[in-house]
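All of these numbers come straight from a predicted model, not from anything done at the bench. Order of the sequence lines sets the chain letters (A, B, ...), proteins ahead of strands, with each chain counted from 1.
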Amino acid sequence: MKMEFEMDTYKSEIKPTWCPGCGDFAVLRALQTAIHALQLEPWNILIVSGIGCSSNLPHFLSTYGFHAIHGRALPVAEGAKLANPDLNVIVTGGDGDGYGIGVGHFIHAMRRNFDITYVVMNNQIYGLTTGQASPTSEKGMKTKSTPIEGVIENPIDPISLALASGATYVARTFSGDVKTMAELVKGGIEHKGFALIDCLSPCVTYNKVNTYDFFRERVYDLAKEGHDPTDMKAAFAKAMEWPAVQRERIPLGLFYRNKDLPTYEDLEISLRKGSPVRQSLGVEDPDELMAEFL
Amino acid sequence: MSKRSLALRVGGAAGDGVSSTAESFAKISARSGLHTWTYSSYQSVIRGGHVWTQVRGGLDPLLSHGDDPDVVLCLNQQTMDVHQADVPEGGAIIYDVDSVKPDPTKIRKNVRLIGIALRKKAQTLSPNALMRNTVALGAAVQLFDMDFRHVESAFKDIWGDKKPEVAQQNLQAAKLGASAVVEMGGSLHLGLAYTNEAKYLMTGNEALCLGALAAGVKFLAQYPMTPASSILHWFASHGPKYGVVVKQVEDELSAMNMAVGAGFAGVRSMTATSGGGFSLMVEAIGQAGMTETPLVAVLVQRSGPSTGLPTKTEQGDLNLALGAGQGDWPRAILAPRHPEECFSLTAQAFNLAEIYQTPVIVISDLYLGEGFRTVEKLDFNVPIVRGMMAADGGTAKDFRRYQITESGVSPRALPGTKGFQFIGATDEHMENGELISDVLAGLPEFVEERRKMHEKRMRKLDGLRKDTPRPEIWGPKNADLTVILWGSTWGAAHEAILQVEEREGVKANTLEFPTIFPFHVEETLQLLRGVKQSLAVEGNYTGQFARLLRAETGYKPDHFYGRYDGEPFASRDIADKIVEVVA
């Protein structure tokens, strides 16, 4: 089949600045593959990111992008989506950005069930600030900010958090398998509602624990074990396996999907007039409006 | 000589219906044809405490809520205790004769004590006596000889078609109060000739909402905070009809960031808050400055620091607005003085934000934002100028979103426009949006590039300076004293100047600043040349505006009068200060 947009159409002229071997290359490739497979018009995609190594991602694609401040990509994306719901809005960033400084927005964006796809490159470490603990760093992990006895907090589990907060498409993938990652990202973009794709994306420079090998030895495919992604209870049970309970088996794939819930945009009264960006400005009936004050 | 104005003060505990009673009276006053001005002194409490509202009505345009009230309406004993001594000769105090006791030693002579069995009379209409304040309101209307059909229409507004029986009951209650006054000697005979031609009555915040609507706002994200919450409330009920997306969000970080996202996507976008919320917004508003995203941020000040006095007024957040966000970025700060300017400056703020692709801050305060004032009919036919768009004539091939230009303004493209894709970045960037920050910073070529890009952004201040309202002198030329002011202090200062001229023959005028920033240095220096002696009046401790004036012009006001006790300036106090300084 002849496609209108070639794979390269989606690539910008800017070369990624990530370390050789960084897991984020796979995520970039998966995202590019997904939007290519969907043949989305590059000018109708807006990719919003925060701050961190992974948040540089929008620069490497040829879509519209907004490289926001640290932790605030989601509200920027929500504002843009409400202003122009016709845009395909994708948010990218890291675990520090989304699960640390921005975790409040993360929860609220999910409970609203925005039609937004959130791709998190989770490397369980702060890379750009040179190796401090992140909200998903494993307990006991020694980092620059926890050099003596390691991390003493429990890690955030984004999958359980997403399920509890009302996300309607919840998946986890691994940079060691770009093909599956691309499929799950594509599914997330196609999904009408909030999609979280948590990508285990190893930091080869600062995280010497959660490496490609670490994951290869432990990951398994939920689909192959017969998990039913429409079953929320089963999704919670699978989510609880790691990191909460043990670290030997790590489930990957689609935990949960609910196609039957309205999106935030569906419920927003003011969007019934159409996309706000296309509305005429000003007031046609000022006398009627002023009469309220008489 | 008959009086030209009247004032009613309603007091009680929170939950007694003080504000609804006062608002009804304000409506009755405006519909009687009086210029009307209210001030509410309330507390951060839902039930109990002591709250009061003063409503002033005048045959001539008003400049403040006035000083001593002609009538005090006491819904509890504390109101009597606190306010009984304020009623001047010829006035009256309305109270429940069964539960409130006046102290004759504190009351001035020839003040009528209108003790009515408010509760008992209300109970004849409904057992819970909910309408006792309505009985009292009826008494006040009778004391002022106002037309009762305005009472009827005010109640109709409140209960409308949904509860006509409640409106009817309240009208009966008001009539009970009025008859009691007739039995007790009738009205105060103030002799005001009401025109009964209704005037428009609104708060500064409502006028600001109308200005935003007239300018075509399509997005408001906000987190509740006194005294900005009424902006959210007004838009929540009125916005959808005009296609305005109105969102209460999780915090002010989100509110500002959503406004940035909406502005970036291409709608006219705003947020509103008070000082505490604005403190949370500063990083994100700087983001709008850096990414050259238009938006309007409304800052309705209250008493700080920190949580401060949530229900009290102040002008203490000017430094916050001036310094919000790390680094230098171009901003405009507009300070409306009255509701008409809340409307016009807000509408203008949206044009400035889009023409210069940067945030514009509208700084107001509780006294202006929440007080009701009568206004002339607002003109919704405001110009709408959306600024430079790349797709209008430009080609995608040549498009550089952050192109370095003489004006500092670059062609803008909205997501969805074919071929003009770019990245808006909060890191320092090149003309095409590509980052300088990570692998290029410090290379000689990019040291230069950064300098040029920073200067490009900051050049927008020159245009903003040209397009913003100039400082103004009000009052006589060759005055002995010039009062320097900004914002809501305007009214009390004008009134004070009229008072000192009449009382003491002192000639004073004002120098006032609808635009705080960019500062109009040349124009200000020009106006200052005619100033003999000056008194800066503002609602804060350090003289935040006076310091800005000095920093921008080298001019130091001779005297400073700051108020930071939570109360608005009273014309009487400014007048005394003027006399003290001139003498």
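For B/K418, the parts sitting under 4.5 Å from any heavy atom of chain A are the backbone and the side chain alike. Heavy atoms of B/A215 lying under 4.5 Å from chain A belong exclusively to its backbone. Both the backbone and the side chain of B/V245 have a heavy atom closer than 4.5 Å to some heavy atom of chain A. Heavy atoms of B/A30 lying under 4.5 Å from chain A are absent altogether. Both the backbone and the side chain of B/S254 have a heavy atom closer than 4.5 Å to some heavy atom of chain A. Within the 4.5 angstrom heavy-atom criterion, only side-chain atoms of B/H238, from C-beta onward, approach chain A. For B/D251, the part lying under 4.5 angstrom from a heavy atom of chain A is the side chain only. Both the backbone and the side chain of B/V249 come within contact range of chain A, with heavy atoms under 4.5 Å apart. Within the 4.5 angstrom heavy-atom criterion, no atom of B/K27 approaches chain A.
Highest contact tally toward chain B, considering only A/N56, A/N88, A/I45, A/L46, is held by A/N56 [criterion: heavy-atom pairs under 4.5 Å]. With chain B as partner, the option from A/V283, A/I69, A/V277 having the largest number of non-hydrogen pairs under 4.5 angstrom is A/I69. The choice from A/E78, A/R72, A/H105, A/Q279 that makes the most heavy-atom pairs within less than 4.5 Å of chain B is A/H105.
The number of heavy-atom neighbours closer than 6.0 Å to NZ of B/K377, taken from other residues, nucleotides and ligands shown, is 12 or below. The number of heavy-atom neighbours closer than 6.0 Å to CZ of A/R29, taken from other residues, nucleotides and ligands shown, is 12 or below.
Side-chain atoms of A/D285 and B/Y242, non-hydrogen and from C-beta on, do get closer than 4.5 Å to each other. Residues A/Y64 and B/L414 form no side-chain contact, since every pair of their non-hydrogen atoms from C-beta on lies 4.5 Å or further apart. A heavy-atom distance below 4.5 Å is found between the side chains of B/D427 and A/I51. Side-chain contact check for B/L435 versus A/H67: some heavy-atom pair is nearer than 4.5 Å. Here the side chains of A/V76 and B/M258 are not in contact, with every heavy-atom distance at 4.5 Å or above.
Going from atom CZ of B/F235 over to atom OG of A/S270 covers 10.5 Å, rounded to the nearest 0.5 Å.
No close placement of the A/F293 and B/Y200 rings is indicated, their centers lying 6.0 Å or farther apart.
Under a 3.5 Å cut-off, the side chain of B/E250 and the backbone N or O of A/H108 do not form any donor-acceptor pair. Checking side-chain atoms of B/K218 against main-chain N and O of A/R278 turns up no donor-acceptor pair under 3.5 Å.
Counted by atom type alone, A/H70 and B/E283 present zero donor-acceptor pairs between their side chains at under 3.5 Å.
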